[in-house]
Amino acid sequence: MSDSNGHAITLLRAGFPYVKTLGMRRVTWYPTDIAVGSDGHVYTLARFDVGGAIRVVNWEDDDLGGLGGGWTWPAGIALDADERIYVSDEATHKIHVISKEDEKLAAWGTPGSAPGELNGPSHMAFDADQHLWIADTHNHRIQQFTKEGEHLRTIGGFGSGPGEFNMPWGIAVDGEGCLYVGDWRNDRVQKLDADGSFVMSIGTSGSGDGELRRPAGVAVDADGDIYVADRDNNRVQLFDRNGRFVEQFAGDATLSKMGRTYILANQKVLRLRDMANLEPSKRFRGPTAIRFDAEGHMFVADYACHRVQVYKKDVVHLTERDIMPQPRAPMLSTV
């Protein structure tokens with residue numbers, strides 16, 4: 001049995017173990033966003049253009065080369081159903097479209113604040129109809145376009161009330177068409193329904209459990225769980241579909257394959273690592289984006305560490321027959 005949205009009644013959360021690290025400095029250089037292809041390739045969008053603004057890495061952590069480039073301040077990346085690659089450029093207020101073969105297919109976007117114009121677009125997400133939702137950051141709103149750049153809808157405006165935004169950055173769309181927006185300067189994530197109406201707000205300013213400090217990328221998985229790249233708190237937070245804080249990820253990185261190869265070839269770096277306190281090297285530094293693949297792997301763009309950390313969700317889906325009803329009042333004892 002499931003709820004009206006097709007989710008399990010609840011989850012037995014068995015764990016969320018760390019799996020591996022992909023990339024390294026000079027390859028996955030300052031990743032502002034990532035996308036995962038159906039072939040398992042991970043497309044990391046580099047803030048600075050080094051051998052192609054998009055670096056492609058496979059599951060085995062092989063560097064498959066770069067795509068695109070020549071953009072001024074790339075911020076977001078998304079793949080459509082045909083796996084064409086869309087990239088937002090904050091500085092030029094444009095959306096660029098390229099193929100996996102690095103063919104330039106289109107570029108659209110007009111700077112400004114009128115409906116359909118853009119000012120510093122950042123993260124993007126496709127909905128089930130293959131319409132593109134864009135966080136129009138400096139216009140403090142969300143806009144919907146066709147894949148060809150035709151404007152469809154504008155939602156929100158500047159402010160701190162329900163449905164208002166202050167420099168939105170991350171955006172995700174669930175299977176019901178609901179939007180999840182990382183409301184950067186309001187230190188919260190807002191959920192809007194498919195009509196654009198306010199549903200709920202997650203988080204307040206701070207560093208405690210469930211509090212946020214400059215939330216960037218947002219993701220929602222098949223269970224309806226909500227993930228937030230809590231950038232200035234250097235962590236990822238997980239909330240359930242009702243907005244309840246569940247747990248956080250601080251980073252557990254090991255050396256990636258390409259990082260290991262680089263260090264083993266450099267005697268000075270080997271010595272410095274031998275002398276170092278390795279504990280801080282595991283942790284996230286300014287995570288910017290979260291994406292999932294079809295197997296439930298969570299990919300986190302670890303911005304200031306120039307890498308992607310990968311985790312794997314482990315849950316059991318429960319029905320009403322599997323678990324007692326939620327108590328009407330808290331119990332002090334279960335004996």
Side-chain angles (χ1 to χ4, degrees), residues 16 18-37 40-50 52-59 61 63-64 66-68 71 73-79 85-90 121-125 135 137 168-172 180-182 184 189 212-221 226-238 248-254 256 258-259 281-293 297-313:
F16 217 129
Y18 164 81
V19 177
K20 63 165 55 181
T21 292
L22 302 174
M24 61 169 287
R25 187 189 297 268
R26 299 181 182 86
V27 179
T28 49
W29 189 268
Y30 289 109
T32 62
D33 200 2
I34 49 181
V36 184
H41 292 173
V42 179
Y43 298 82
T44 62
L45 181 63
R47 178 62 94 182
F48 303 108
D49 188 349
V50 180
I54 301 170
R55 209 58 176 247
V56 187
V57 178
N58 64 15
W59 184 253
D61 198 36
D63 178 11
L64 304 182
L67 300 172
W71 306 314
W73 204 241
I77 184 172
L79 305 181
I85 302 167
Y86 289 67
V87 175
S88 63
D89 189 336
E90 284 186 287
S122 50
H123 283 191
M124 305 173 289
T137 301
W169 177 272
I171 187 167
Y180 302 77
V181 182
W184 174 269
V189 170
L212 301 169
R213 189 170 291 157
R214 299 301 185 255
V218 181
V220 58
D221 69 12
I226 303 159
Y227 303 78
V228 185
D230 189 7
R231 181 168 175 169
D232 282 10
N233 280 325
N234 298 305
R235 64 186 179 182
V236 169
Q237 294 201 68
L238 165 58
Q248 70 171 5
F249 305 85
D252 299 275
T254 52
S256 65
M258 65 177 70
S281 70
K282 304 176 186 178
R283 306 307 176 204
F284 292 126
R285 290 174 57 200
T288 51
I290 306 160
R291 303 293 182 190
F292 281 85
D293 66 9
H297 291 107
M298 177 176 70
F299 298 77
V300 181
D302 194 357
Y303 178 81
C305 290
H306 316 288
R307 63 193 177 191
V308 175
Q309 294 198 45
V310 186
Y311 293 77
K312 178 67 165 65
K313 188 175 187 178

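For Lys20, there are no salt bridge (charged side-chain N to carboxylate O under 4.0 Å, His left out) partners two or more places apart in sequence or in a different chain. With sequence neighbours excluded, the residues that form a side-chain contact (heavy atoms from CB on, under 4.5 Å) with Pro121 are Ser88, His93, Ile95, Leu118, Ile134. Judged as a side-chain contact (heavy atoms from CB on, under 4.5 Å), and not counting sequence neighbours, the contacts of Arg213 are Ser207, Asp230, Asp232, Asn233. Listed by chain and residue number, Trp59 satisfy the ring pair (Phe, Tyr, Trp, His ring centres under 6.0 Å) test with His297 (two or more places apart in sequence, or in another chain). Legend: residues meeting salt bridge (charged side-chain N to carboxylate O under 4.0 Å, His left out) with Arg291, ordered by chain and number and at least two apart, are Asp33. Every residue meeting the salt bridge (charged side-chain N to carboxylate O under 4.0 Å, His left out) condition with Asp63, not counting sequence neighbours, appears here in chain and number order: Arg55.
For Tyr86 against Met124, the heavy-atom pair with the smallest separation is O-CE, 3.3 Å.
Other residues, nucleotides and ligands place more than 12 heavy atoms under 6.0 Å from the CZ atom of Arg283.
Panel note: side chain Tyr18, backbone Thr254; a donor-acceptor pair is recorded below 3.5 Å.
Tyr311 contributes atom OH, which lies 7.0 Å from atom CZ of Phe249 (distance to the nearest 0.5 angstrom). Note that CD of Gln309 is 4.5 Å distant from OG1 of Thr21, once rounded to the nearest 0.5 Å. Interatomic distance, OG of Ser256 versus NE2 of His306, reported as 12.5 Å (0.5 Å rounding). The distance from atom CG of Leu22 to atom CE of Met258, rounded to the nearest 0.5 Å, is 7.5 Å.
Considering only heavy atoms from C-beta on, Tyr227 stays 4.5 Å or farther from Val300 through its side chain. No side-chain heavy atom of Val308 sits under 4.5 Å from any side-chain heavy atom of Val57. Taking the side chain as every heavy atom from C-beta outward, Leu45 and Trp71 approach each other to under 4.5 Å. Under the 4.5 Å side-chain criterion, counting only non-hydrogen atoms from C-beta, Ile85 is in contact with Tyr43. Side chains of Phe292 and Val36 form no contact here, defined as non-hydrogen atoms less than 4.5 Å apart.
Side-chain polar atoms of His123 and Trp169 form a donor-acceptor pair below 3.5 angstrom. Between Tyr30 and Thr288, the side chains place no donor N or O within less than 3.5 Å of an acceptor N or O (distance only, hydrogens not considered).
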